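Heads up: the structure comes next, in structure tokens.
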Amino acid sequence: MAQKPSIPKGTRDFSPAEVARRNYITGIIKKHFERFGFQPIETPSFENFDTLMGKYGDEGDRLIFKILNSGDFISKVDDITYSSKKSSSILPKISDRALRYDLTVPFARYVVMHQNEIDFPFKRYQIQPVWRADRPQKGRFREFYQCDADAVGANSLLQEVEFIQLYDAVFTELGLSGVTIKLNHRKILSGMAEIIGARHLLVDFTVALDKLDKIGEQGVIQEMKDKGISENAIKKAAPLFSLSGTNAEKLNVLDSFLEGSEIGIEGALELSKIINMLEKLELQSTKLTMDVTLARGLNYYTGAIFEVAAPEGIAMGSIGGGGRYDDLTGIFGLKDVSGVGISFGLDRIYLVLEELGLFPESLDQSIDVLFVNFGEEEALAALTLVSRLRTAGIKADLYPTNAKTQKQFKYANNRKVPFVSLLGAEELKAKTFAVKNMSSGEQISYSWDDLDEFIKTL
RNA sequence: GUGGUUGUAGCUCAGCUGGUUAGAGCGCUGGAUUGUGGUUCCAGAGGUCGCCGGUUCGAACCCGGUCUUCCACCCCA
């Protein structure tokens, strides 16, 4: 090998142990998706350029991986465009396709294309990789998996309630306690901007507000000033910086704050309905917190916004997010289809579970029983038993070569095999096999006919 | 995209103001133990010091570029 091979920045190989752990997480997520009535779909890893571009804002466009056209693509660019040297002008002429950036926009495209075959309301889930040309950091990759569930075609707050229950069910089964689900509403954000008289600066206002827990009240005020929000407006917004207490208390303060803003009151009312329903239904292990500073999320959210924060003390961005978007399919020409959706960040959940040591030990166990290989005749007899074990649903294997017993035992030990079976010349003659329990060191002998007895001990 | 940071054995890391043969622990291989791992003892293998170029009598060490890692912005799962 002349040069050491490598993989692109922000991508990863997954070892057998890692895949086992990832499958453990997605298995639980899938199970609950299905229990909640969602059906799986899959979409291509790349979409048409126009399907993706312009859907995530300028920042999003920059982070989309574009695919170069086939053939002599540069010769097809006209001279004027070419000599302009402007990437934004040249790009559409040399790229017709781009890698999927998230699962929501492709889903909207799917719904529009298949609208006549779909029975609405349609609840779908999708677990596939997405790609972003971002700078990698801890928990940020250029290729990563999203696990999305969305419900479209029905306009009911019950759906928001269900999604929060779904988050609760998944994180409870993963054993991840201390997860906080933050809740806000786009209309509340609009209402707040309206009340303080900064409606035209809604985005700047919310982006700054979102940084409250990171840069503090003074930092937020400074940023708002920098963005051109008047001192008077900032003064009016002050009560929002120190909102505390129970969800009901926060909603009370918010109600009076938003007085006079029709849209804001509407948002607050919706949130209080959601929160009230969930209080009656009770969550198992997650905490639901109303957070008026929560503003993140894509441009297309129009109603409730969710974000899932890892347990306190874990330095990790959000491990999930979602919300309601009332007109997502509108961009593809299908009006009046409302939707709500959430996403689980598989890669980040993995990092959190690992940091807290929450993966079950049993995931390391790839084989239940390993037979030591003592030579051709013995191996053949062992293989008969191995087959019977496999038929019984037990992960059994025979060491492929007649290597030194010590080496075979060491292999079993490293692979964390709980039982090693020996079937050598003596056992062959007596039609028996010995089983060594690798953690206790205890060794028991069984006759071939009593294999079931051994199976019972597993 | 902006600014910074990191890279030495399979892994985790030492390595002095630039000086001759680059080290440790763990892991790996062999032996003590030709049917017994995880503990112990003995021996051994394993390195273009990320890559390319420059400075120097001499570079793992200094300089430039590049790739990678992580961090802060931006944005986000």
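Note that the structure is predicted; figures quoted are calculated from it, not measured. A note on names: the letters A, B, ... follow the listed sequences, proteins ahead of strands, and every chain is numbered from 1.
- Rounded to an integer number of Å, the gap from OH of Tyr399(A) to P of G37(B) is 14 Å.
- Residue-level contact check: Gln443(A) touches the bases, meaning some heavy atom is under 4.0 Å from a base atom.
- Within the 6.0 Å centre-distance limit, the rings of Tyr350(A) and Phe359(A) are counted as a close aromatic pair.
- Contact annotation for Lys410(A): backbone-only contact, meaning every heavy-atom pair under 4.0 Å involves sugar-phosphate atoms and none involves a base.
- In this structure, the nucleotide among A77(B), G3(B), G35(B) sitting nearest to the side chain of Phe374(A) is G35(B).
- Out of C74(B), G37(B), A77(B), the shortest distance to the side chain of Lys211(A) is found at C74(B).
- Checked against U68(B), A72(B), G38(B), the side chain of Asn413(A) finds its nearest nucleotide in G38(B).
- Atom P of nucleotide U36(B) and atom CG of Asn402(A) are separated by 13 Å, given to the nearest angstrom.
- Nucleic acid contact class of Gly10(A) (heavy atoms, under 4.0 Å, all strands): sugar-phosphate only.
- If you look at Phe344(A) and Phe33(A), their ring centroids are closer than 6.0 Å.
- One finds no side-chain N or O of Asn414(A) lying less than 4.0 angstrom from the OP1 or OP2 phosphate oxygen of G27(B).
- Here Ala425(A) lies in heavy-atom contact (under 4.0 Å) with a base.
- At a cut-off of 3.5 Å, with distance as the only test, a side-chain donor of Asp150(A) or Tyr325(A) sits close to an acceptor on the other residue.
- With respect to the salt-bridge test (charged N to carboxylate O, under 4.0 angstrom), the residues Asp364(A) and Arg21(A) qualify.
- Applying the 4.0 Å criterion to OP1 and OP2 of G37(B), one finds that Lys416(A) has every side-chain N and O outside that range.
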When Watson-Crick pairs (N1 to N3 and N6-O4 or O6-N4) and G-U wobble pairs (N1-O2 and O6-N3) count only below 3.5 Å on both distances, what is the dot-bracket string of RNA chain B, with | for other-strand pairs? ((((..(..((((.....[...)))).(((((.......))))).....(((((..]....))))))..))))....
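- Of the candidate nucleotides U29(B), C75(B), G3(B), U29(B) has the atom lying nearest to any side-chain atom of Lys407(A).
- Within the 4.0 angstrom heavy-atom criterion, base atoms lie near Glu59(A).
- Among the protein residues, Leu422(A) comes within range of the nucleic acid bases, having at least one heavy atom under 4.0 Å from a base atom.
- A ring pair (Phe, Tyr, Trp, His ring centres under 6.0 Å) with Phe38(A) holds for exactly one of Phe122(A), Phe163(A), Tyr125(A); it is Phe163(A).
- Between Gln137(A) and A72(B), a side-chain N or O to OP1/OP2 separation shorter than 4.0 Å is present.
- As judged by a 4.0 angstrom heavy-atom cut-off over every strand, Ser343(A) is placed among residues making no nucleic acid contact.
- Residue Tyr145(A) is classed as having no contact, given no heavy-atom separation below 4.0 Å to the nucleic acid.
- As judged by a 4.0 angstrom heavy-atom cut-off over every strand, Glu378(A) is placed among residues making no nucleic acid contact.
- Lys456(A) and Glu453(A) are not joined by a salt bridge, as no carboxylate oxygen comes within less than 4.0 angstrom of a charged side-chain nitrogen.
- The nucleotide whose nearest atom lies closest to any side-chain atom of Glu426(A) is, among G31(B), A72(B), G35(B), G35(B).
- When distances are taken from the side chain of Arg140(A) to each of G37(B), C74(B), U69(B), the shortest belongs to C74(B).
- Rounded to a whole Å, the CZ atom of Arg62(A) is 7 Å from the C1' atom of C75(B).
- In this entry the distance linking NZ of Lys9(A) with C1' of C70(B) reads 11 Å, nearest Å.
- At the phosphate of U36(B), neither OP1 nor OP2 sits under 4.0 Å from any side-chain N or O atom of Gln406(A).
- When distances run from any side-chain atom of Lys436(A) to the nucleotides A77(B), G31(B), G37(B), the shortest one goes to G37(B).
- In this structure, Met438(A) atom CE and G35(B) atom C1' are separated by 13 Å, rounded to whole Å.
- The two residues Arg348(A) and Gly139(A) make their nearest non-hydrogen contact at NE-O, 2.8 Å.
- An aromatic stacking contact between Phe344(A) and the base of A77(B) is absent, as defined here by ring centres under 5.5 Å apart and ring planes under 30° from parallel.
- Between Lys138(A) and U69(B) there is no side-chain N or O to OP1 or OP2 distance below 4.0 Å.
- At a threshold of 4.0 angstrom between heavy atoms, the contacts of Gly60(A) with the nucleic acid are absent.
- Between the CG atom of Leu63(A) and the C1' atom of A77(B) there is a distance of 13 Å, given to the nearest Å.
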